[in-house]
There are 2 protein chains.
Amino acid sequence: MEQIINTLKKHGLRITDMRRDVLQCFAEVDYALNHQDLELKMSKGFDRVTLYRTIKTFEEKGIIHRIASETDSISYALCKDSCAENDHKHKHVDDHIHFTCHKCEKTLCLDAYHIPQIKIPDGFQVENIQLIVAGLCNKCSIHD
Amino acid sequence: MEQIINTLKKHGLRITDMRRDVLQCFAEVDYALNHQDLELKMSKGFDRVTLYRTIKTFEEKGIIHRIASETDSISYALCKDSCAENDHKHKHVDDHIHFTCHKCEKTLCLDAYHIPQIKIPDGFQVENIQLIVAGLCNKCSIHD
DNA sequence: GTTTATGCAAATTCTTTGCAATACT
DNA sequence: AGTATTGCAAAGAATTTGCATAAAC
């Protein structure tokens with residue numbers, strides 16, 4: 001909670017219920033959440049539009065980052081400190097691998113597993129790399 | 001054209017205008033197309049609903065594969081033969097890198113560039129890997 | 001002649017915008 | 001007090017479903 005307020009302050013955002021709740025949602029889980037996941041986790045009575053705006057703000061400030069996945073459109077996860085340095089024109093740098101489970105449908109950040117060096121054709125400029133592995137996560141692969 | 005008809009036949013699909021047109025669109029470009037791209041490329045007068053169904057069918061049959069990207073939702077590209085072997089329960093296997101350009105916003109299949117070997121934590125089962133590099137493509141990086 | 005695919009209407013769901021009321025600092 | 005954020009209404013897109021018609025085999 002202390003943590004959450006600090007995060008907001010650090011990025012120059014006012015402390016509001018919605019923002020606290022959303023950050024709380026992310027703090028409670030170890031996987032990425034999409035818009036719908038957040039709606040379901042939120043205490044009911046919240047406003048959908050505000051949620052859209054909150055997500056957008058967090059993304060712009062570098063508090064959360066997008067994770068693309070083939071299955072469920074776009075989901076989000078908290079950024080590590082290393083990536084949230086720059087308030088204006090935040091450019092997210094992900095160096096870890098994401099894993100999407102086909103069974104529980106959760107997307108995890110494998111923070112300890114880094115994206116290897118890769119080759120790209122001449123003339124291409126790399127700004128950002130995403131590596132998404134899909135399959136069965138450690139929990140789901142047991143019952144298989 | 002011959003090619004297109006063969007593709008449809010090979011997957012047990014009837015030859016229709018819509019299907020021919022959609023495959024034609026993919027054949028004409030060397031980058032991935034999303035739903036909206038296809039709408040714009042299609043000869044006008046087509047039906048949006050049928051396009052949804054066509055994309056879905058092609059995906060199920062393994063004629064096209066999804067490419068996730070943070071920016072534009074989901075796009076599609078033609079599968080190589082190697083990946084379209086299995087009609088029922090098609091499981092797409094991509095071994096090449098995808099590149100999304102931030103300027104022209106196109107997503108390319110870098111067929112000649114393969115995803116390197118990666119490490120995953122114990123207990124996770126890998127079924128599929130996507131590596132998406134974003135930045136400036138060879139054409140757009142020139143004017144920069 | 002059968003079966004599959006299409007086109008249309010309509011229902012749902014998702015996302016964005018504008019603006020007045022409210023809450024934060 | 002001054003500014004940022006919210007909540008609501010409403011508009012605009014995107015996506016899905018059902019069903020009768022038309023096209024493919």
Side-chain angles (χ1 to χ4, degrees), chain A residues 1-2 4-25 32-64 66 68-76 87-88 105, chain B residues 1-2 4-25 32-61 63-64 66-76 87-88 105:
Chain A
M1 182 45 86
E2 190 59 27
I4 286 175
I5 291 179
N6 279 340
T7 302
L8 290 173
K9 279 190 181 156
K10 193 166 62 181
H11 292 90
L13 295 174
R14 292 189 174 177
I15 320 293
T16 69
D17 288 353
M18 168 67 72
R19 287 173 179 166
R20 252 202 308 255
D21 287 359
V22 171
L23 285 184
Q24 188 61 44
C25 287
L33 301 171
N34 63 21
H35 191 277
Q36 207 188 356
D37 294 335
L38 284 167
E39 283 193 21
L40 295 172
K41 272 184 84 69
M42 296 290 288
S43 43
K44 50 185 172 292
F46 75 99
D47 182 63
R48 198 201 286 286
V49 175
T50 309
L51 179 56
Y52 277 111
R53 292 195 268 226
T54 303
I55 290 174
K56 198 174 167 207
T57 303
F58 284 0
E59 214 192 328
E60 285 166 359
K61 293 292 186 181
I63 297 174
I64 57 177
R66 288 181 172 229
S69 98
E70 317 127 55
T71 34
D72 96 301
S73 50
I74 300 260
S75 57
Y76 303 89
D87 258 14
H88 27 250
E105 299 204 304
Chain B
M1 183 44 87
E2 190 60 28
I4 285 174
I5 291 179
N6 278 340
T7 302
L8 290 173
K9 278 189 180 158
K10 192 166 63 183
H11 292 90
L13 294 174
R14 292 188 174 179
I15 320 295
T16 68
D17 287 354
M18 168 66 73
R19 287 173 180 168
R20 253 203 307 255
D21 287 359
V22 172
L23 285 184
Q24 188 62 43
C25 288
L33 302 170
N34 63 21
H35 191 278
Q36 207 188 358
D37 294 334
L38 284 167
E39 282 193 22
L40 295 172
K41 272 185 81 70
M42 295 291 287
S43 42
K44 49 184 172 296
F46 77 97
D47 183 64
R48 199 202 284 286
V49 176
T50 308
L51 179 56
Y52 278 111
R53 292 195 268 227
T54 303
I55 290 174
K56 197 173 169 210
T57 304
F58 283 1
E59 215 192 329
E60 286 167 358
K61 294 291 185 179
I63 297 173
I64 57 178
R66 286 179 172 232
I67 303 173
S69 100
E70 316 126 59
T71 33
D72 97 300
S73 51
I74 300 262
S75 56
Y76 303 88
D87 257 14
H88 26 248
E105 300 204 302

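What you are looking at is a predicted structure, and each value in this text was computed from that prediction instead of being measured. Only this structure's heavy atoms are used, side chains among them; waters, hydrogens and symmetry mates stay out.
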### Message
On the side chain of A:Arg53, is there an atom forming a donor-acceptor pair with the base of D:dT5 - under 3.5 Å, no angle test?
### Response
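Under the 3.5 Å cut-off, the side chain and the base do not form any donor-acceptor pair.
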### Task
Please confirm whether any donor atom in the side chain of B:Arg48 sits under 3.5 Å from an acceptor in the base of C:dG7, or the reverse.
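By the distance-only test, no, there is no pair.
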### Query
Do any pairs count as a ring pair (Phe, Tyr, Trp, His ring centres under 6.0 Å) and have a residue in residues 36-64 of chain A, sequence neighbours left out, and if so which ones?
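Those involving residues 36-64 of chain A are A:His35-A:Tyr52.
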Nearest-Å distance, [atom1] ([X]) to [atom2] ([N])?
{"X": "A:Phe46", "N": "D:dT5", "atom1": "CZ", "atom2": "C1'", "answer": "16 Å"}
{"X": "A:Asp47", "N": "C:dT16", "atom1": "CG", "atom2": "P", "answer": "14 Å"}
{"X": "A:Glu60", "N": "D:dA4", "atom1": "CD", "atom2": "C1'", "answer": "14 Å"}
{"X": "A:Met18", "N": "C:dC24", "atom1": "CE", "atom2": "C1'", "answer": "16 Å"}
{"X": "A:Lys56", "N": "C:dC14", "atom1": "NZ", "atom2": "C1'", "answer": "16 Å"}
{"X": "B:Glu39", "N": "D:dT15", "atom1": "CD", "atom2": "C1'", "answer": "11 Å"}
{"X": "A:Ile55", "N": "C:dC14", "atom1": "CD1", "atom2": "C1'", "answer": "12 Å"}
{"X": "B:Asn34", "N": "D:dT15", "atom1": "CG", "atom2": "P", "answer": "9 Å"}

### Query
Starting at the 5' end of DNA chain C, which residue's closest nucleotide do you reach first, B:Val49 or A:Val49?
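First, find each residue's nearest nucleotide; the 5'-ward one identifies B:Val49.
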### Message
Both A:Arg14 and A:Gln36 contact DNA chain C. Taking the nearest nucleotide for each, which residue is further toward the 5' end?
### Response
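In this pair, the answer is A:Gln36.
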### Query
Is a side-chain N or O of A:Arg19 found less than 3.5 angstrom from the main chain of A:Arg14, in a donor-acceptor match?
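Such a contact is found between A:Arg19 side chain and A:Arg14 backbone.
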### Query
Which heavy atom in B:Ile55 sits nearest to a heavy atom in B:Ile64, and how many Å separate them?
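Scanning both residues completely, I find the closest heavy atoms to be O-CD1, 3.8 Å.
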### Query
How sharply is the helix from C:dG1-D:dC25 to C:dT25-D:dA1 bent, taking the axes over five pairs at either end and rounding to 10 degrees?
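About 40° separates the two local helix axes.
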Are any of [X]'s side-chain N or O atoms less than 4.0 Å away from OP1 or OP2 of [N]?
{"X": "B:Thr50", "N": "C:dA5", "answer": "no"}
{"X": "A:Thr54", "N": "D:dT5", "answer": "no"}
{"X": "A:Arg19", "N": "D:dT5", "answer": "yes"}

### Query
Mapping A:Leu13 and B:Tyr52 to their closest nucleotides on DNA chain D, which lands nearer the 5' end?
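Its nearest nucleotide being more 5', the pick is A:Leu13.
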### Task
For B:His35 and for B:Ile15, locate the closest nucleotide of DNA chain D by heavy-atom distance; then report the residue assigned to the nucleotide nearer the 5' terminus.
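So the residue in question is B:His35.
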### Message
Going by the rule side-chain hydrogen bond (donor to acceptor under 3.5 Å, both in side chains), which residues pair with A:Asp21 if we only count those two or more places apart in sequence or in a different chain?
### Response
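Expected list: none.
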With rounding to the nearest 0.5 angstrom, report the [atom1] to [atom2] distance, [X] to [Y].
{"X": "B:Ile15", "Y": "B:Leu8", "atom1": "CD1", "atom2": "CG", "value": "4.5 Å"}
{"X": "A:Met18", "Y": "A:Asp47", "atom1": "CE", "atom2": "CG", "value": "6.5 Å"}
{"X": "A:Asp37", "Y": "A:Glu105", "atom1": "CG", "atom2": "CD", "value": "9.5 Å"}

